[in-house]
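Everything below concerns the one structure shown next.
In what follows, chains are A, B, ... by sequence order, proteins preceding strands, each numbered from 1. Since this is a predicted model, take the numbers as computed values, not measurements.
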Amino acid sequence: MDRLETGRRGEDAAAAYLERIGMTVVDRNWRCPSGEVDVVFLDGNTLVLCEVKTRSTDAKGTPEEAVTPQKQRRIARLAKAYLADAGAEPCSVRFDVISIRVLAEDRALLRHHRNAFTVDS
Amino acid sequence: MAQATVYAATIAGVEALPVEVQADVSSGLPGFGIVGLGDTAVLEARDRVRSAVRAAGFDFPNARVLVNLAPAPLRKHGTGFDLPIALAILTATRQIPAALTQSATAVGELALDGTVRPVAGTLAYALAAARSGHELIGPTATLGAACAVEGLACRSLDALQDLRRGALGSAPLCSSGTPAPNVPDLCEVSGHAAARRALEIAAAGGHNLLMVGPPGSGKTLLARRLPGILPALDERERLETALVHSVAGLDESAVLAGVRPFRAPHHTCSVAGLAGGGSPPWPGEMSLAHNGVLFLDELPEFSPSALQTLRQPMEDGSLTLVRAEGRVRYPARFTLIAAMNPCPCGYLGDPERPCRCADGAVRRYITRIGGPLMDRMDLVVRVDRIDPDLLIAARPGESSSKVRTRVLTTRDFAAGRGGLAASLGGAELLSACRMRKRTSAEFTRTARSQHFSGRAVTRTLRVARTIADLDGAIAVDSSHLAEAVGYRGLEAQWAG
């Protein structure tokens with residue numbers, strides 16, 4: 001299973017998890033010229049942009065460590081583009097991170113970080 | 001969506017300038033920004049405030065939080081903004097009532113667990129709050145000093161958690177007169193009649209004193225006993241001096257109890273250490289010695305540039321630092337007590353031990369001090385090695401309390417005839433001296449023959465005036481002048 005395949009399966013698993021806990025997934029792999037948002041969902045009235053990180057080994061650190069400050073800023077930029085594009089009503093916005101550590105072919109550990117970061121200036 | 005304003009202050013020099021902390025919480029991308037020229041410590045408040053607010057059991061808004069520190073062009077320093085920022089955010093999100101902070105100046109640093117920590121400069125903040133007609137909100141630990149400010153209401157807040165009860169603590173008890181720390185007593189010094197006399201004159205008139213003598217002769221011993229014979233600080237001086245100590249983050253309780261500061265910086269002290277400086281600017285040793293004593297041991301070992309910074313405050317009683325971010329003025333009216341060896345080896349002029357210094361070394365050593373500074377030394381006195389017989393017989397000298405009584409009487413007398421000699425100048429000084437024609441003619445001759453500068457003439461007259469005050473004499477006569485001239489300059493000490 002290559003890296004792209006791992007990532008795709010991770011995103012599927014994350015979306016399935018979110019549906020199961022009662023969230024409404026509104027977008028997957030939303031793209032624009034400056035990048036991609038893995039999953040967008042609604043938690044009540046809050047629009048959540050979620051980054052999904054899947055790793056099959058901890059050799060390069062945990063999945064959530066890969067969401068560096070640079071990446072956070074990129075996601076924040078994407079958020080503005082997304083809100084403009086989707087023409088969303090004014091609502092509160094949140095950034096989550098879901099980290100998935102693959103343990104075996106059919107087993108993985110999923111962690112959901114709500115409000116994982118904010119955009120401080 | 002929601003806005004709130006809480007009042008704070010930032011330190012500039014020894015003054016706290018009022019600052020408005022405005023918080024705006026609105027929908028949008030979640031984030032926390034602080035604008036308004038804060039330094040790194042102010043910007044780091046974001047992380048402390050966020051953690052402290054959550055730890056105290058409040059909600060940190062998941063929204064766009066913008067904090068503005070107004071007036072925006074003024075540079076803001078330090079961690080004292082943590083508390084007002086947290087209060088502004090909690091007020092904006094209606095988690096605490098606005099009435100709580102409406103007419104208050106808040107200052108305090110936040111720990112991650114919500115505890116409010118003290119910051120330096122409480123007294124300055126207290127004065128700023130009193131000027132704005134506010135009460136002061138801060139941790140109990142610092143409010144003790146704030147009691148020195150009359151008519152100021154204090155409210156204590158030791159942890160953000162306490163806000164959940166919806167009320168602040170009332171004013172803490174005033175730190176009632178901390179016992180004066182033990183100042184060494186003059187009775188422990190035997191002999192040294194000339195130096196003791198000079199010390200008494202210095203104390204009575206606020207004159208500068210330079211003690212010259214071989215190593216181990218007792219110069220430091222004598223200097224450390226000067227605060228013990230000085231009068232206690234009066235009300236105004238207490239506040240002035242405590243303010244400098246407070247801003248520098250030092251304990252101001254001794255000063256508030258009336259004890260004059262005694263500062264003895266090491267001779268490796270830098271220019272900034274002596275005069276103040278840095279970013280943000282901090283008061284230096286000269287300002288910490290305000291209304292007290294600055295003791296410079298091994299005077300020629302100080303860097304010449306550091307020594308030259310003494311000149312302006314010695315004339316003006318204050319110094320002004322001019323930096324890129326503005327100018328700050330620090331008070332610095334101190335009595336300078338300096339000590340030095342007569343030469344690098346230390347034994348020049350000693351009756352028994354020969355001086356081993358090379359030709360020219362002595363002159364180089366002395367010239368490090370520089371003429372202008374030397375000219376400002378009112379009293380120069382030799383402190384010789386004391387005879388072992390005298391030391392071992394150890395007849396105790398006169399006690400500090402006796403000398404102090406004389407000093408106080410003299411100061412009262414001086415106040416009665418028009419003010420301390422050290423504060424008089426020009427025509428005022430001349431009329432205060434009430435010299436006879438013959439006496440002043442004699443003094444003119446002496447001044448001319450010894451090539452006195454204008455400043456030297458003024459300073460000698462001031463010392464003579466103080467010596468006359470010690471005698472309780474209305475007029476300065478020739479014996480007073482002769483003694484004063486005898487204290488003038490290093491050369492006078494080697495003539496005899």
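Residues meeting the ring pair (Phe, Tyr, Trp, His ring centres under 6.0 Å) test with B:Y7, sequence neighbours left out: B:H134. Evaluation of the ring pair (Phe, Tyr, Trp, His ring centres under 6.0 Å) rule for A:F117 yields A:F95 as partners, not counting sequence neighbours.
Inspection of the A:T118 and B:R50 side chains reveals an N or O donor paired with an N or O acceptor under 3.5 Å.
Around CZ of A:R28, the count of heavy atoms belonging to other residues, nucleotides or ligands within 6.0 Å exceeds 12. More than 12 heavy atoms of other residues, nucleotides or ligands lie within 6.0 Å of CZ in B:R54, so this atom counts as buried by the packing criterion.
Considering all non-hydrogen atoms of both residues, A:V93 and B:N62 come closest at O-ND2, 3.7 Å.
Atom CG in B:L29 sits 12.0 Å away from atom CD1 in A:I75 (nearest 0.5 Å).
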